[in-house]
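The next block holds one structure in the form of structure tokens; read it before the comments.
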Amino acid sequence: MKLPPLPVAVLISGTGSNLATLIRARDEGRLDIDLRMVISNRAKAPGLDHARNGGVPITVINAETAGGGGKQDEEIAACLEACGAELVVLAGYMRILGAEIAERFAGRMINLHPSLLPKYPGLDTYSQVLATSDTEHGSSIHFVTAELDGGPVISQVRIPILDDDDPQSLAARLGPNEHRLLVATVELFVHRRVKMHPEGVSLDGKRLQRPLLLDDDDTFTLE
Ligand code: GRF
């Protein structure tokens, strides 16, 4: 039996290249998703143009819209429930969500992070990794929990670090790989194959011992 398109909401703050990737994959029929809502904390986030061009409704929620108090998460949760999102993607959303909303959406909210978690949580992962002797960098997609960049990791993509890399060149090479990772990972949700459990992540009912690793041909290897 064919499943209905997966209702998805995306939270952004900036350029929205990952949002654009989801819109393109939807439009090209590569990803059976129903993009219900884009929420931004910045009214002028450049990424909102992708939502407009892609016909995705937009809601701006920040301290001003939420009346200054600590009500932003409540507004976001209400908006996500109202639009019927079954999967919420934090794609460059540069504001930390509180424990309450993380718990409310546990198992249905994922975040993209530009490092091979658990290495380098937080900001500027490119400078962090270049200050080490690591030979690889990458991106991770993890379930959101109350711990910042700390929820169970679903999938990763790796790229080599080159001798002459600086943070900009590393970020530029990671971007397209992160986009591939996002599409392949959301595809797992489209087919309802991946779930969060108290002890981690399961794929097709089997617990993952390690994150799924994206190959060059956009399929996953169980390491
Ligand atoms: C990505 O590198 C993602 O890993 C991080 O923020 C960046 C968002 O980029 N969380 P964009 O706004 O999707 O272009």
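In listed order, ligands and their atoms are each counted from 1.
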Applying the side-chain hydrogen bond (donor to acceptor under 3.5 Å, both in side chains) criterion to R95, which one of D73, N41, N62 satisfies it?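 That would be D73; it is the only one of D73, N41, N62 passing the side-chain hydrogen bond (donor to acceptor under 3.5 Å, both in side chains) with R95.
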
Please tell me whether S127 and D124 have a donor and an acceptor in their side chains that are separated by less than 3.5 angstrom.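 Per modelled atom types, S127 and D124 side chains form a pair under 3.5 Å.
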
Smallest separation among heavy atoms of A45 and S13, with atom names: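 Shortest heavy-atom separation between A45 and S13 comes out as CB-O, 3.4 Å.
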
Do the charged groups of K119 and E136 touch, with an N to O distance under 4.0 Å?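 No, no charged N to carboxylate O under 4.0 Å.
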
When the ring planes of H137 and Y120 are compared, do they come out parallel, tilted or perpendicular, using 30° and 60° as the limits?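 Tilted, since the angle between the ring planes falls between 30° and 60°.
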
Suppose clustering is done on Ile, Leu, Val, Met, Phe, Trp and Tyr with side-chain heavy atoms closer than 4.5 Å. Which residues sit in the same group as I96?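 So far as hydrophobic clustering goes, I96 is joined with L148.
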
Close-range residues for ligand 1, whose non-hydrogen atoms fall below the 4.0 Å threshold: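 Around ligand 1, where the cutoff is 4.0 Å for heavy atoms, the contacting residues are T15, G16, S17, N18, G92, L112, H113, P114, E178.
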
